Amino acid sequence: MCVDCRCGQSAPEPPAPQRLDLGERLLRRNDQQAAANRRRFSEAHLPVVNLLSAPGSGKTALLERLGRDWPREPGLGAGPTNPVPTAPLLTAPLPGATGDTGDTGDTGDTGDTGVPASASRCPHARPPMAVIVGDLATDNDARRLWAAGLSAVQISTGQACHLEAGMVERGVQALEQDGVPLAGLELLVIENVGNLVCPAAYDLGESLRVVMVSVTEGEDKPLKYASSFHGADLVLINKIDLLGAVEFDLDQCRRHIARVAPRARVLALSARSGAGFSALWAALGLGRDGALGLGLDLAQVATPVLQP
């Protein structure tokens, strides 16, 4: 008997199960754009850092200090004797932004205006370092970086909890439209959305993946979010000036990092006090051949190791 309508007719044979082989990664479109980004950065001999952390770990504070401490020629740029001028901050919408997330099925809706970016124009020389900042909303972090003397573009992702390669490509466009060409930079940092889950799966075209954890988050953070730490080239343990107050076990955290990211270099520092920054400057030091201090050759840089 038909089980659908009880008509008394013989039930048809169920269709034979079929196997559908997709044969390609769900993030294929993102990976293609990431490869294009990587070629573009390599042609410009530009090191690109993808900086990941949970909210509140101190990513922006770290970049502020890099901006303030960047060596400047006398009379140029911002610093103790050359404060950042109070020039108006301009908002530049990213051209053609649609919040496309590739083949993931996630709409990445960012509102009717697309993915907005904000950039600043400043007649004074700035350090040859720029930042593409990702946040769900506001341009607060970009404003902090401008005040520290850096060129920055703020990408508001709306409901998307991570940056994607296409967003980075459009952020680069916004920088160049604002008079910050890649050829004039020595370092580009992508400050990803504060999240240690989703960003780990997205290659942005970077040459160096840096993951930050702070002492206020607990020693087991690398174990809880192993996929993010697994692909790291460099792991930063921030806020070591609070070690005594939070009873953080630094050695245990290092062991956890070694367990999930054995190839990563680990540095302990404080963005607030500047402790440990000499080692960070050495790690991010630029050689004449365009290689990062960690030994990465931009001409031969490979796709980051991503946890499946």
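Bear in mind the structure is a predicted one, so any value in this text is a computation, not a measurement.
- A donor-acceptor pair shorter than 3.5 Å can be found between the side chains of E169 and Q173.
- Put simply, V235 and V48 are part of two different groups of oily side chains (I, L, V, M, F, W, Y) that touch within less than 4.5 Å, one to the next.
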Residue pair N192, L204: steps toward the side chain to side chain contact (heavy atoms under 4.5 Å, CB included) verdict:
CA-CA 10 Å; N192 220 312; L204 303 181; 3.6 Å; yes
For residues 211-225, dump all side-chain donor-acceptor pairs below 3.5 Å to protein atoms at least two apart in sequence or in another chain.
from : atom 1 : to   : atom 2 : distance (Å)
S214 : OG     : T216 : OG1    : 2.9
S214 : OG     : E217 : OE2    : 2.8
E217 : OE1    : K221 : NZ     : 2.4
E217 : OE2    : S57  : OG     : 2.4
E217 : OE2    : S214 : N      : 2.8
E219 : OE2    : D249 : N      : 2.7

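- L267 and L187 fall within the same hydrophobic cluster, defined by Ile, Leu, Val, Met, Phe, Trp and Tyr side-chain heavy atoms under 4.5 Å apart, directly or through other members.
- Rounded to the nearest 0.5 angstrom, L188 CG and E206 CD are separated by 10.5 Å.
- In this structure, CD in Q32 is found 11.5 Å from CG in L27, a value given to the nearest 0.5 Å.
- Atom CG in L175 sits 9.5 Å away from atom CD in Q177 (nearest 0.5 Å).
- Closest of all the heavy-atom pairs between P47 and E186 is CD-O, 3.3 Å.
- Cluster membership for L145 and V210, using ILVMFWY side-chain heavy atoms within less than 4.5 angstrom, is shared.
- The minimum heavy-atom distance linking C161 with N195 is given by the pair O-ND2, 3.2 Å.
- When all heavy atoms of A130 and L185 are compared, the closest pair comes out as CB-CD1, 3.8 Å.
- Nearest heavy atoms, A275 versus I240: CB-CD1, 4.2 Å.
- Note on L51 and V133: same hydrophobic cluster, where clusters join Ile, Leu, Val, Met, Phe, Trp and Tyr whose side-chain heavy atoms are under 4.5 Å apart, directly or indirectly.
- A 6.0 Å sphere centred on CZ of R259 holds no more than 12 heavy atoms belonging to other residues, nucleotides or ligands.
- Side-chain atoms of S273 and D241 include no donor-acceptor pair closer than 3.5 Å.
- With contacts defined as side-chain heavy-atom distances shorter than 4.5 Å, the pair L163/N50 does not qualify.
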Could you go step by step and tell me if I237 and C253 meet the side chain to side chain contact (heavy atoms under 4.5 Å, CB included) rule?
CA-CA 9 Å; I237 304 175; C253 185; 4.0 Å; yes
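- Aromatic ring orientation, W281 versus W70: perpendicular (interplanar angle above 60°, classes split at 30° and 60°).
- Applying the salt bridge (charged side-chain N to carboxylate O under 4.0 Å, His left out) criterion to E176, with sequence neighbours excluded, gives R40.
- In this structure the side chain of D139 never reaches within 4.5 angstrom of the side chain of S156, judged on heavy atoms.
- With contacts defined as side-chain heavy-atom distances shorter than 4.5 Å, the pair V260/H230 does not qualify.
- Hydrophobic clustering (ILVMFWY, side-chain heavy atoms < 4.5 Å, transitive): V49 and L63 are in one cluster.
- Counting heavy atoms from C-beta outward, V131 and T60 have side chains that stay 4.5 Å or more apart.
- Using modelled atom types, one side-chain atom of R209 and one backbone atom of A200 make a donor-acceptor pair closer than 3.5 Å.
- Side-chain contact between L62 and L236 is present, with heavy atoms from C-beta onward closer than 4.5 Å.
- Separation of atoms CG (D233) and CZ (R263) is listed at 4.5 Å; rounding is to 0.5 Å.
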Side chain to side chain contact (heavy atoms under 4.5 Å, CB included) assessment of V180 paired with V153
CA-CA 10 Å; V180 185; V153 166; over 6 Å; no
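- The two residues P55 and G194 have their closest heavy-atom pair at CG-O, 3.4 Å.
- A salt bridge links D203 and R38; the closest N-O separation between the charged side-chain nitrogens and carboxylate oxygens is under 4.0 Å.
- Looking at heavy atoms from C-beta onward, Q33 lies in side-chain contact with N37 at the 4.5 angstrom threshold.
- Considering only heavy atoms from C-beta on, T157 stays 4.5 Å or farther from H162 through its side chain.
- F41 is listed as a side-chain neighbour of L182, based on a closest heavy-atom distance under 4.5 Å.
- Without hydrogens or angle criteria, N30 side chain to Y202 main chain gives no donor-acceptor distance under 3.5 Å.
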Side chain to side chain contact (heavy atoms under 4.5 Å, CB included), that's the test. Do D251 and R255 meet it? Break it down for me.
CA-CA 6 Å; D251 290 336; R255 289 193 295 270; 3.8 Å; yes
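- When the shell of 6.0 Å around CZ of R254 is examined, it contains more than 12 heavy atoms from other residues, nucleotides or ligands.
- Closest approach of A160 to L136, counting heavy atoms only: O-CD1, 3.7 Å.
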